[in-house]
Amino acid sequence: MRIATWNVNSIRQRLDHAVRWLGETRPDIVCIQEIKCQTEAFPKEAFEQLGYNVTVHGQKGFNGVALLSRLPLEDVTHGLAGDDGDVQARFIEAVVSVKGGVVRVACLYLPNGNPVDTEKYPYKLGFMERLEAFAADRLKLEEPLILAGDFNVIPEARDAADPSAWVGDALFLPRTRSAFRSLTHLGLTDALRATSDAGRLYTFWDYQAGAWQRDMGIRIDHLLLSPQAADKLIATGIDKHVRAWEKPSDHVPIWADLAIAA
DNA sequence: ATGACGGTGCTCCACCGA
């Protein structure tokens, strides 16, 4: 089973890319972030024609997430528990039944948090606290669980081409990275780092200042695995070639292959 | 030091993102 995550930066602008990429890699489960449309405006049929079951949690203009799966999606929940006042569409949880059990997936779009001297940063930290509470609860189930998405966190200095450029940024502040470590220390495995010590592994390159051409990237899209999922981890990859396509998203897909029969 | 790029919508500017 291959599970992938991709921040598409508008699904309507990126539909051709999404269809092309799905045709290339045929992942079993796909977490999509920043669809930037309302649920009804999501081009669901295009993905259903490719054999996917689709659930969409959209909102007007910004944010928005979607989850695609070749196997039926069960127990779908839209929104992250812990703040009834949070109206931003950033989270979907679902379960997929596989031979001998289930796979539980959370598709998430963690808040950016900039500028840090505004209410945006406390919102980010609050979301991370709620995510940690969610993960702690679900880990009790002892299931294969994957938290996949755009975390908007640069975990370590080696995850940025130029770490000095990110000092003071909400993606890299010590408090942000501490919150991310607190999450992983529950017992979640960063799938990419579990399979590679290579340098220059990035998932985002800014549109501006020739960041892609100069490979000035950052690694902020992650797949975090419960022990039961990590035990099945075979390989990971970053599909960075899609960043060179015409009119690309500023993020690229990343994926993990798990030894679980789909 | 700033803006750069690209997306959305109550669109020809403002706001958001990273």
Side-chain angles (χ1 to χ4, degrees), chain A residues 5-19 21 31-43 56-66 86-91 107-128 131 148-177 179-180 192 200-222 238 240 242-254:
Chain A
T5 179
W6 189 11
N7 177 324
V8 295
N9 188 17
S10 169
I11 193 60
R12 288 175 293 179
Q13 292 296 322
R14 225 65 62 201
L15 184 56
D16 289 350
H17 284 203
V19 168
W21 169 74
C31 300
I32 300 176
Q33 302 86 37
E34 275 208 273
I35 63 172
K36 289 189 171 177
C37 65
Q38 290 177 300
T39 300
E40 315 79 64
F42 188 89
V56 180
H57 183 31
Q59 74 176 83
K60 184 175 274 234
F62 306 106
N63 307 319
V65 285
D86 184 0
V87 296
Q88 299 191 31
R90 297 178 173 276
F91 191 87
C107 167
L108 64 106
Y109 176 42
L110 214 147
N112 174 301
N114 286 305
V116 295
D117 59 352
T118 68
E119 71 292 339
K120 289 173 187 292
Y121 193 57
Y123 174 63
K124 176 179 192 145
L125 292 176
F127 193 95
M128 294 182 84
L131 183 61
D150 176 358
F151 283 71
N152 271 314
V153 175
I154 302 167
E156 300 177 53
R158 62 172 171 162
D159 297 310
D162 179 12
S164 69
W166 298 94
V167 171
D169 191 285
L171 279 63
F172 194 56
L173 278 177
R175 200 160 166 199
T176 303
R177 292 188 277 149
F180 184 78
L192 197 83
R200 308 200 78 88
L201 294 173
Y202 310 128
T203 63
F204 169 91
W205 295 260
D206 201 290
Y207 288 121
Q208 303 175 66
W212 167 247
Q213 289 75 9
R214 298 187 294 126
D215 195 26
M216 299 301 285
I218 51 177
R219 189 175 74 95
I220 55 175
D221 300 271
H222 308 297
I238 301 174
K240 70 183 283 188
V242 306
R243 187 64 177 76
W245 289 353
E246 195 178 346
K247 295 208 129 254
S249 170
D250 38 9
H251 296 249
V252 297
I254 71 166

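Just so it is clear: chains get the letters A, B, ... in the order the sequence lines come, proteins before strands, and each one is counted from 1. Since we're looking at a predicted model, the values are computed, not measured.
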Could you run down nucleotides 9-18 of chain B 5' to 3' and tag each one B, S or - for protein heavy-atom contact under 4.0 Å?
SS-----SSB
Does a side-chain N or O of S10(A) approach OP1 or OP2 of dT8(B) to a distance below 4.0 Å, or not?
yes
Could I get the full list of salt bridge (Lys or Arg N to Asp or Glu O under 4.0 Å) partners for D159(A), not counting sequence neighbours?
R193(A), R219(A)
With sequence neighbours left out, the residues meeting side-chain contact (heavy atoms from CB on, under 4.5 Å) with F62(A) are none
Please check this pair: side chain of Y109(A) against backbone of F91(A), looking for a donor-acceptor N/O pair closer than 3.5 Å.
no
Tell me: CD of Q33(A) to C1' of dG7(B), nearest whole Å?
16 Å
Take atom P in dG6(B) and the same atom in dA18(B), then report the distance between them in whole Å.
16 Å
What's the gap between dC15(B) and dC10(B) when it is taken at their C1' atoms, as a whole Å value?
13 Å
Which residues pass the side chain to side chain donor-acceptor pair (under 3.5 Å) test with W166(A), sequence neighbours left out?
none
Return the value, rounded to whole Å, for the distance between atom CH2 of W205(A) and atom P of dG6(B).
16 Å
Check this one for me: any side-chain N or O of R14(A) less than 4.0 Å away from OP1 or OP2 of dG6(B)?
no
How far, in whole Å, is dA4(B) from dG17(B) if one measures between their C1' atoms?
14 Å
For the C1' atoms, the ones on dC12(B) and on dG7(B), what distance do you get once it is rounded to whole angstrom?
16 Å
Side chain to side chain donor-acceptor pair (under 3.5 Å) involving D215(A) - partner list, sequence neighbours excluded
R200(A), W205(A)
Mind checking salt bridge (Lys or Arg N to Asp or Glu O under 4.0 Å) for R90(A) and listing every partner two or more places apart, or none if nothing turns up?
none
Whole Å only: how far is the CH2 atom of W212(A) from the C1' atom of dG6(B)?
17 Å
